[in-house]
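Counting starts at 1 for both ligands and their atoms, following the listed order. The structure presented is a predicted model; accordingly, all values stated were derived computationally and were not measured.
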Amino acid sequence: MTLKDRFVIKVPASTANLGPGFDSIGLALDLYLTLEVEKNDKWECFSLSEELKDLPTNEEHFICQVAIKTAATYSVELPPCKININSDIPLARGLGSSAAAIIAGIELADVVGGLSLTKEEKLLLATKMEGHPDNVGASLYGGLVVGCYQQNEVDMLSFTNLPIEIVVVIPQEILLTKESRDVLPAAYSRRDAVQASSTANLMIAALLSQNWSLAGKMMEQDIFHQPYRKPLIHSFHDIEKTAKSNGAFGVALSGAGPTVICFTEKGNGRQLSLDLQAVFLEMTVKPLHIDYFGSKVKVVEVY
Ligand SMILES: Nc1ncnc2c1ncn2[C@@H]1O[C@H](COP(=O)(O)OP(=O)(O)O)[C@@H](O)[C@H]1O
Ligand SMILES: N[C@@H](CCOP(=O)(O)O)C(=O)O
């Protein structure tokens, strides 16, 4: 990547796990974090989205910190930048906002610092920062990703054009990923580990062979994390029941929650989102937002 003085970084949101694929499977979504970057005499961050208004406006901003630390890894002192930040990704809702910010910071360091990082180097850097490759991999590679992170190495495959559509039901309340991870067991018995990994393996095989009913069944049978987290999400069962009776083949927690994600075959997403919106009209607790996404491949762009 040639050094540029003024450029845009556009990073997609992501939904992680898809049920049983805990810390390994992710899917990029058509919601974006967008940075307009230009070289400057000091670090200045202007967050133009309501959700980002209270964040630091100097080099203490999370994205600046990621960029500065990334460049420092390669003994490069990053020249300061002015960054205008827009984001459609709600924070702490299970849609990979932190992962998108990490990818944005790494891409900024790559361009401004002239690092010429490979995609694999960016993935490892981001995975080390986030702790798991599912969200960062989806934002970086696009499409549906399956990754494995162990001993300072991460491997990942990406699959595009899966003929599915996604409806997300985003609640008002937030749930920080750290808090949601804190309720998980520290270890699993061999029996549970075998069942959990078998469920994830079969779920991804079913998705890739377009066996939608089996994929949906495996999403429900996750034992890695959803049994411990669903009690934190008070509307999960209502959403699941409504979505399943309106054409969804699978329903799962999006990442660490609280967003619930509903999977349907390509062409059904818009109607499913309308059906879910209708249901919530009669409910006392309204979601923040219900949206649906097509299966067009989303991937980080720098231009
Ligand atoms: N665009 C951003 N700019 C700065 N910080 C961000 C941004 N997006 C996310 N973050 C940080 O990440 C936190 C949310 O991360 P996390 O709890 O992992 O939730 P999510 O499910 O959205 O990834 C925010 O509270 C904020 O501290
Ligand atoms: N595998 C992670 C995914 C977290 O995703 P996020 O979008 O909620 O940050 C987990 O389940 O904790």
Atom 13 (C) of ligand 1: protein heavy atom closer than 4.0 Å? no
Pick, from Gly131, Pro56, Ala101, the option with the minimum heavy-atom distance to atom 7 (C) of ligand 1. Ala101
Please confirm whether Gly96 comes under 4.0 Å of ligand 1, counting heavy atoms of the residue only. yes
At the 4.0 Å heavy-atom cut-off, does Gly255 count as touching ligand 1? no
Can you list, by chain and residue number, every protein residue with a non-hydrogen atom closer than 4.0 Å to ligand 2? Ala16, Asn17, Phe22, Asp23, Gly94, Leu95, Gly96, His132, Asp134, Asn135, Thr177, Arg181, Arg229, Gly255, Ala256
Report the distance from atom CD of Glu107 to atom OG of Ser139, rounding to the nearest 0.5 Å. 10.5 Å
Summary of side-chain hydrogen bond (donor to acceptor under 3.5 Å, both in side chains) pairs that have at least one residue in residues 203-227, sequence neighbours excluded: Asn211-Ser213, Trp212-Glu265, Glu220-Lys244, Asp222-Gln226, His225-Arg229
Ranked by distance from atom 19 (O) of ligand 1, the top protein heavy atom is Ala92 CA, 3.3 Å
If you have a sec, work out which protein heavy atom is nearest atom 22 (O) of ligand 1 and how many Å separate them, to one decimal? Ser97 OG, 2.5 Å
Option nearest atom 17 (O) of ligand 1 (shortest heavy-atom distance, choices Ile63, Thr177, Ile83): Thr177
Under 4.0 Å, heavy atoms only, figure out whether ligand 1 is touched by the backbone of Leu33, its side chain, both or neither. side chain
Within-cut-off N or O pair, Ser98 and ligand 1, under 3.5 Å: yes
Can you pull out the closest protein heavy atom to atom 6 (C) of ligand 1? Residue, atom name and distance to 0.1 Å, please. Phe62 CD2, 4.1 Å
With a cut-off of 4.0 Å, which atoms of ligand 1 are near a heavy atom of Leu95? 21 (O)
Check the hydrophobic clustering (I, L, V, M, F, W, Y; side-chain heavy atoms under 4.5 Å; chains of links allowed) and say if Met219 and Leu208 are grouped together. yes
Can you tell me the protein heavy atom closest to atom 25 (O) of ligand 1 and the distance? Leu176 CD2, 4.0 Å
Does some non-hydrogen atom of His61 fall short of 4.0 Å from ligand 1? yes
Atom CZ in Phe159, atom CG in Leu144: separation rounded to 0.5 Å? 7.0 Å
Does Lys53 NZ have over 12 foreign heavy atoms under 6.0 Å away? yes
For Gly147, does its backbone N or O pair with a side-chain atom of Ser24 as donor and acceptor, under 3.5 Å? yes
For Ser49 and Glu51, indicate whether the former's side chain and the latter's backbone hold a donor-acceptor pair under 3.5 Å. no
Atom OG1 in Thr259, atom CG in Leu253: separation rounded to 0.5 Å? 9.0 Å
All salt bridge (Lys or Arg N to Asp or Glu O under 4.0 Å) counterparts of Asp275, not counting sequence neighbours: none
Donor-acceptor pair, side chain of Arg93 and main chain of Gln172, under 3.5 angstrom: yes
Hey, is Leu52 touching ligand 1 through its side chain, its backbone, both or neither, going by heavy atoms under 4.0 Å? side chain
Heteroatom distance test (Leu55, ligand 1): nitrogen or oxygen, under 3.5 angstrom: no
Pairs of donor and acceptor atoms involving the side chains of residues 184-205, under 3.5 Å and at least two apart or interchain, shall be tabulated with distances.
| unit_1 | atom_1 | unit_2 | atom_2 | d |
| --- | --- | --- | --- | --- |
| Tyr188 | OH | Phe224 | O | 2.4 |
| Ser189 | OG | Asp192 | N | 3.0 |
| Ser197 | OG | Ala193 | O | 2.9 |
| Ser197 | OG | Val194 | O | 3.2 |
| Ser198 | OG | Val194 | O | 2.5 |
| Thr199 | OG1 | Gln195 | O | 2.7 |
| Asn201 | ND2 | Ser197 | O | 3.1 |

Closer than 4.0 angstrom: is that true for some heavy atom of Ala256 and an atom of ligand 1? no
Shortest protein contact, atom 21 (O) of ligand 1 (heavy atom only): Gly94 N, 3.0 Å
Taking Asn84 for its side chain and Ser47 for its backbone only, find out whether a donor-acceptor pair lies under 3.5 Å. no
Atom pair CD1/CD1 of Ile261 and Ile170 - distance to nearest 0.5 Å: 10.0 Å
Here's one to test your reading of the geometry: is the NZ or CZ of Lys119 within 45 degrees of the ring axis of Tyr141 and under 6.0 Å from its centre? yes
Criterion side-chain hydrogen bond (donor to acceptor under 3.5 Å, both in side chains) on Asn135 and Ser14, from CA distance to verdict: CA-CA 6 Å; Asn135 292 102; Ser14 60; 2.8 Å; yes
Looking only at protein heavy atoms, which one is nearest to atom 26 (C) of ligand 1, and what is the separation? Leu91 CD1, 4.5 Å
